[in-house]
Amino acid sequence: MTRLIKYEFYKLFCKGSILAVLLLFSVLNLLKIQNEFRSYSYLADGNNSRSWSSVYWRLYEDFSGEITAEKIRELLDLYQPLATATADMTASTALDNPDTMTGNLYSDRNLLDKYYVQPMEYFYHYRACAYRAAERAKENAAIYGEQGLTYEMRKNVLIYHLYSDRSIQAFAYREMYNYYLNYDFSGILVLFLCLYGIVGTFVCEKETQMDMLLLTNLKGGKETTLAKIAAAALFAVGVALWFSVLDYAGFVFSFGTAKGGNLPLYAVSSFSTAGINCCLWQYAVLSAVTRALGVWALSMAFLLISMFWHNALIPFVTGLGTALCLMIAGASQSCSSNVWLKIGNPYSLLANRILFGRTEFIDFLGYPMPSFRAAVILALILGAASIGAMMGLSKKNYY
């Protein structure tokens, strides 16, 4: 069986056209990441001694690491005079002021405010905010318990345990991870590439009526179908993991650093109410795995659709239309409070910040289930059901 899977994989996916599209999409993805850095990061202004990038990393040596009262005081001693001097907007706008770090008073203030004061303030106060949320959940759990609302009590107990120990003890660079966690473009490329690759898995043999001839072979019936499914699954998961690695490497290369990976996930403000507790590099691994699962589930569904046709164009257009609808629905529901619309859309696993970025639950037999866990289960069901349907529809050989 292993040899048959290997044969089907090479026959279906190791083709010049697919490899060319893979290379094209990879380059396009890296260019898009580089554009993210140059378009949105203020640290993309070069490496001369007065650029924001150079000044930021010089100051980083002093303020990175454990957040202490001394570091906060030193930062405020540096920032407050600048804030005072520029408060009434009458300070000099000269760009070559020798008494400044970047050559301009306003630039110095903005740099410190954006990259040090605001993040440090967020980090420092996050523990108190999380503690208040945990205490509120604890109070709610007690109230709901008295009222006999078991599900709400259990949900608030989970929230209490999730938030009670949250804190950000150290200051570190987080800008790269902020853009990395909110980057969805590669998910679109992955979905299109997988659709293009797998749509001909069954169709190519039906077009030449080789599928009927294969039934006369000892391994030509359901065994060949299973090998094709396994090869398509390997292709889909492989492509998803490749682009996940490419994303991370591209952001590290473009931003020039991977520092900050040990910060907790909620250190990124858009994940302040994240439904899991892990550090940023761990989330990168988790994101890659859940994306691969989502791609696998959708690929199996697309493969099932293609099984009914003798021409590759129809299932490709059908799959493309379905993929676009799922993407649009996923984007439009990303901030929605309707959890079922999120978990019911497999694309949410590709743009998984939709699931992991907020603490949300569904009622499963009276027990609160985190939304991301429910989405994983539904994706597994979709993929398994598609495989079961394909195996049920495939014909047995004549032996």
Side-chain angles (χ1 to χ4, degrees), residues 41-89 91-92 97-135 162-181 251-252 255-274 277-284:
S41 175
Y42 290 95
L43 302 185
D45 61 340
N47 293 311
N48 65 72
S49 61
R50 289 197 163 187
S51 67
W52 275 37
S53 178
S54 298
V55 174
Y56 174 82
W57 291 111
R58 285 202 301 270
L59 294 172
Y60 190 78
E61 298 297 324
D62 297 326
F63 297 112
S64 61
E66 183 182 0
I67 299 175
T68 63
E70 182 181 356
K71 287 182 179 178
I72 294 175
R73 185 168 55 251
E74 290 177 0
L75 178 59
L76 292 177
D77 288 343
L78 191 62
Y79 175 73
Q80 286 294 351
L82 293 170
T84 302
T86 58
D88 58 1
M89 305 299 288
S92 171
N97 189 332
D99 298 323
T100 61
M101 296 178 291
T102 64
N104 179 267
L105 286 171
Y106 295 97
S107 181
D108 281 7
R109 182 202 64 186
N110 292 337
L111 168 63
L112 290 174
D113 184 49
K114 179 175 177 60
Y115 283 99
Y116 283 101
V117 176
Q118 291 183 27
M120 188 81 77
E121 184 178 21
Y122 172 78
F123 290 2
Y124 183 78
H125 290 295
Y126 185 84
R127 181 175 183 176
C129 293
Y131 176 79
R132 287 196 297 270
E135 289 301 305
L162 186 65
Y163 282 80
S164 59
D165 294 325
R166 284 190 173 185
S167 64
I168 307 173
Q169 302 290 341
F171 178 85
Y173 174 76
R174 67 172 183 175
E175 184 183 53
M176 186 277 284
Y177 283 97
N178 177 54
Y179 290 110
Y180 167 72
L181 296 182
F251 273 95
V252 170
F255 284 77
T257 183
K259 290 181 178 179
N262 288 323
L263 285 173
L265 177 61
Y266 44 81
V268 175
S269 55
S270 58
F271 282 75
S272 62
T273 58
N277 289 329
C278 64
C279 65
L280 289 170
W281 73 263
Q282 290 172 331
Y283 179 76

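Position 1 is the first residue of the sequence; numbering continues from there.
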Novice: Can you find a pair of side-chain heavy atoms, one from Ile67 and one from Gln169, that are under 4.5 Å apart?
Specialist: no
Novice: If we ignore hydrogens and angles and just use 3.5 Å, is the side chain of Asn97 paired with the main-chain N or O of Asn104 as donor and acceptor?
Specialist: no
Novice: Does Thr68 reach the side chain of Arg73, with side-chain heavy atoms less than 4.5 Å apart?
Specialist: no
Novice: Has Gln282 got a side-chain atom pairing as donor or acceptor with Cys279's backbone, closer than 3.5 angstrom?
Specialist: yes
Novice: Mark yes or no for whether Asp108, through its side chain, and Thr100, through its backbone, hold a donor-acceptor pair below 3.5 Å.
Specialist: no
Novice: Distance from Ser167 atom OG to His125 atom NE2, nearest 0.5 Å?
Specialist: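 Interatomic distance, Ser167 OG to His125 NE2, rounded to 0.5 Å: 14.5 Å.
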Novice: What I'd like to find out is whether the side chain of Trp57 reaches to under 4.5 Å of the side chain of Thr257, using heavy atoms alone.
Specialist: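 In short, these two side chains touch, coming nearer than 4.5 Å.
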Novice: Enter the distance from Ile72:CD1 to Phe123:CZ here, rounded to the nearest 0.5 Å.
Specialist: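 CZ of Phe123 is found 12.0 Å from CD1 of Ile72.
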Novice: Any side-chain heavy atom of Thr273 sitting closer than 4.5 Å to one from Tyr163?
Specialist: yes
Novice: Above 12 or not: heavy atoms from other molecules or residues under 6.0 Å from CZ of Arg58?
Specialist: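 Yes, enclosed.
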Novice: Let me confirm one number: the CE-CG distance from Met120 to Leu112, rounded to the nearest 0.5 Å.
Specialist: 10.5 Å
Novice: Take Val268 and Leu263 through the test side-chain contact (heavy atoms from CB on, under 4.5 Å) and record every step on the way to the result.
Specialist: CA-CA 9 Å; Val268 175; Leu263 285 173; over 6 Å; no
Novice: Tell me, which pairs form a side-chain hydrogen bond (donor to acceptor under 3.5 Å, both in side chains) where one or both residues lie in residues 46-55, sequence neighbours left out?
Specialist: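 Listed once each, the pairs are Ser51-Ser54, Trp52-Ser107.
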Novice: Counting only heavy atoms not in Tyr122, do more than 12 fall under 6.0 Å of its OH?
Specialist: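 Yes, the 6.0 Å shell around OH holds more than 12 heavy atoms from other groups.
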Novice: Looking only at side-chain N and O atoms, does Glu175 offer a donor or acceptor that is under 3.5 Å from a partner on Tyr115?
Specialist: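 Result is yes, a qualifying pair exists.
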Novice: List, one per line, each side-chain donor-acceptor pair under 3.5 Å for residues 59-66, sequence neighbours excluded.
Specialist:
residue : atom : partner : partner atom : Å
Tyr60   : OH   : Tyr173  : N            : 3.1
Ser64   : OG   : Tyr60   : O            : 2.8

Novice: State whether the number of non-hydrogen atoms from other residues, nucleotides or ligands found under 6.0 Å of Tyr79 atom OH is greater than 12.
Specialist: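 Check passes, neighbour count above 12.
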Novice: Judged by atom type as modelled, is there a donor-acceptor pair below 3.5 Å linking the side chain of Tyr126 to the main-chain atoms of Ser272?
Specialist: yes
Novice: For the CE atom of Met176 and the CZ atom of Phe251, what is their distance to the nearest 0.5 Å?
Specialist: 8.5 Å
Novice: Please check if the side chain of Arg166 supplies one atom and the backbone of Tyr131 the other of a donor-acceptor pair under 3.5 Å.
Specialist: no
Novice: Under 3.5 Å, is there a donor-acceptor pair between the side chain of Asn110 and the main chain of Tyr106?
Specialist: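 Judged by distance alone, yes, a pair lies under 3.5 Å.
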Novice: Measure the spacing between CD of Glu70 and CG of Leu75 and express it to the nearest 0.5 Å.
Specialist: 12.5 Å
Novice: Would you say that Arg174 contacts Tyr179 through its side chain, given a criterion of any heavy-atom pair below 4.5 Å between the two side chains?
Specialist: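 No. Closest side-chain heavy atoms not under 4.5 Å.
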Novice: Rounded to the nearest 0.5 Å, what's the gap from CH2 on Trp281 to CG on Asn262? Could you check?
Specialist: 8.0 Å
Novice: Do any N or O atoms from the side chain of Tyr116 and from the backbone of Tyr56 form a donor-acceptor pair under 3.5 angstrom?
Specialist: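 Pair found, side chain donor or acceptor close to backbone of Tyr56.
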